[in-house]
S.K.: 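Submitted below is the structure of interest, expressed as structure tokens.
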Amino acid sequence: MDSRSHTHVTAALRLCLHALLAGLLALVVVRAVSEGAADTAAVVAVTLLTAALYAAGAVRSSAVQPKDSVQPKDSARPEDPARPRTSVQPGTRAGAWWLGGLWMLWAALLVLSPDALWVAFPLYFLQLHFLPMRWALPSVVVTAAAAITSFVVHRQEIEPGAFIGPLIGAAVAVATVLGYDALFRESERRRELIVELVATRADLAEAERTAGTLAERERLAREIHDTLAQGLSSIQLLLRAAERSLPENAPATPHVRAAREAAQANLAEARSFVRALTPPDLEHGSLAAALERLCARTTAPELTVRFAVSGTPVELPTPYEVALLRTAQSALANTVRHAAARRAEITLSFMDTSVALDVVDDGRGFDPSGAPAHERCTGGDGGFGLPAMRARAGSLGGALSVESAPGQGTAVALTLPLPDTEAERAA
């Protein structure tokens, strides 16, 4: 519900309660004057005192708390914008004293005039508004009992209406306030849920944009490396071989040398593009550091993730680092989402002719041979984690293996052959 509508409803209810109380007090005075009772002066005096005390509380409330403000959370009873704000703030000691004084004046007025019992109806709402519910309900009962007693004492007869009227009024007041409170709380819960959903949708949209940007950067880096960089590297190697095969003073030698230098310069530019499009985790350190950060920021209930390096680290080409990092991210994400594991380990191993990445967990495991290819290593959620890992491994001449069984954990191993040193330096 719009907060502005709360403001309008609050103002309307407050004015209606003011008008109701003023009208009933005026009725008491008019009836006392018209009947010419002996205690008319006392009725008028007590009625004026009651009206003055009520007006003082209303003015104080308007000065202390604007009509569109919200009661502080630390009050004894939180303010509800759907309730009429009539006087000093609910849940405070000043409000309790003000309400007690108003009730005592009303009780004195009951002794003087039987018509004062109708003022009990607005008092019900004031008590339900200003007092905690554990005190408000007994106060309403006492007020209704006082009204019934006044009627019996003044009329000196017992009639069903003497009991039914005040009791029905009390029941209507309690049902109205409780119902309005329930509707308001439900409205607030829905409003908070909508705000949360809007924020979540914005976060998801931002995450999707970020993931799409990173995926596109990685794709471009892989394409540049696999096409332009490799082509320029081959051209450079061929031109170097041609330059060596030509006689020293051959007319074509300067042109071949210039072409080789141009290819070398463009290869350097291609390398810079690949570095610029490298995943952010690889921009600020080595692959081992990126994997260690990945383990540190992976969180799940009762899950401990460790990282280890085996062998002597060597510098790897960017596509190798990207493939190893993405495989670790995908395998570890599957562990968090589906494995319910307590322990997971990532090991990066450097060997003489290859580099290997092992991701092992002690989770619930699964049967790799019994699930469709597109569901393996994804928990059956329809993802493509394992096929994507295999595609990365195949594009670099490597292999991916998955070992798992129900209740025995899962082990994912990616092995990539180390590239030829001289050819990779040229690439």
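Just the heavy atoms: all of them, side chains too, but no hydrogens, waters or symmetry mates, feed the values below.
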S.K.: How long is the gap from CD on Gln329 to CG on Asn334, to the nearest 0.5 Å?
M.R.: 12.0 Å
S.K.: What's the shortest heavy-atom distance between Asp358 and Ala413, and which atoms?
M.R.: OD1-CB, 3.2 Å
S.K.: Quick one, Glu192 with Arg190, criterion salt bridge (Lys or Arg N to Asp or Glu O under 4.0 Å). Give me CA distance, side-chain angles, the key distance, then yes/no.
M.R.: CA-CA 5 Å; Glu192 293 172 358; Arg190 291 187 179 184; over 6 Å; no
S.K.: I'd like to check Thr335 versus Thr298 (side-chain heavy atoms, cut-off strictly below 4.5 Å). Are they in contact?
M.R.: no
S.K.: Taking the side chain as every heavy atom from C-beta outward, state whether Phe350 and Val309 have any pair of such atoms under 4.5 Å apart.
M.R.: yes
S.K.: Please name the pair of heavy atoms, one in Ala144 and one in Leu167, separated by the smallest distance, quoted to 0.1 Å.
M.R.: CB-CD2, 4.4 Å
S.K.: Report the distance from atom CG of Leu99 to atom OH of Tyr54, rounding to the nearest 0.5 Å.
M.R.: 11.0 Å
S.K.: Is any side-chain heavy atom of Arg392 less than 4.5 Å from a side-chain heavy atom of Leu414?
M.R.: no
S.K.: For a quick test of reading the model, state the closest non-hydrogen atom pair linking Trp98 to Leu53 and the distance between them.
M.R.: NE1-O, 2.9 Å
S.K.: So Leu128 and Leu178, do their side chains get closer than 4.5 Å, heavy atoms only?
M.R.: no
S.K.: Please round to the nearest 0.5 Å and tell me the distance separating atom CG of Leu21 and atom OG1 of Thr50.
M.R.: 8.5 Å
S.K.: Measure across Val43 and Thr47 and return the closest heavy-atom pair with its distance rounded to 0.1 Å.
M.R.: O-OG1, 2.6 Å
S.K.: Can you measure from CG (Leu332) to CG (Leu291) and round to the nearest 0.5 angstrom?
M.R.: 10.0 Å
S.K.: Does Arg201 have more than 12 heavy atoms from other residues, nucleotides or ligands lying within 6.0 Å of its CZ?
M.R.: no
S.K.: For the CD atom on Glu403, are there more than 12 heavy atoms of other groups (residues, nucleotides or ligands in this structure) within a distance under 6.0 Å?
M.R.: no
S.K.: Mind listing the closest non-hydrogen atom pair of Met389 and Thr327 along with its distance?
M.R.: SD-CG2, 3.9 Å
S.K.: Taking the basic N atoms (NZ, or NE/NH1/NH2) and the acidic carboxylate oxygens, is any pair closer than 4.0 Å for Arg191 and Glu188?
M.R.: yes
S.K.: Any idea which heavy atoms bring Pro417 and Gly398 closest together, and the distance?
M.R.: CD-CA, 3.8 Å
S.K.: Looking at side-chain heavy atoms only, is the closest gap between Val355 and Ser349 below 4.5 Å?
M.R.: no
S.K.: Enter the distance from Gln408:CD to Asp361:CG here, rounded to the nearest 0.5 Å.
M.R.: 12.0 Å
S.K.: For the residue pair Thr143 / Trp103, report whether a side-chain donor-acceptor contact shorter than 3.5 Å exists.
M.R.: yes
S.K.: If you count heavy atoms of other groups shown closer than 6.0 angstrom to CE of Met351, is the number above 12?
M.R.: yes
S.K.: Kindly compute the distance separating CG (Asp362) from CG (Leu303), expressed to the nearest 0.5 Å.
M.R.: 8.5 Å
S.K.: Is the shortest heavy-atom distance from the side chain of Val360 to the side chain of Thr410 under 4.5 Å?
M.R.: no
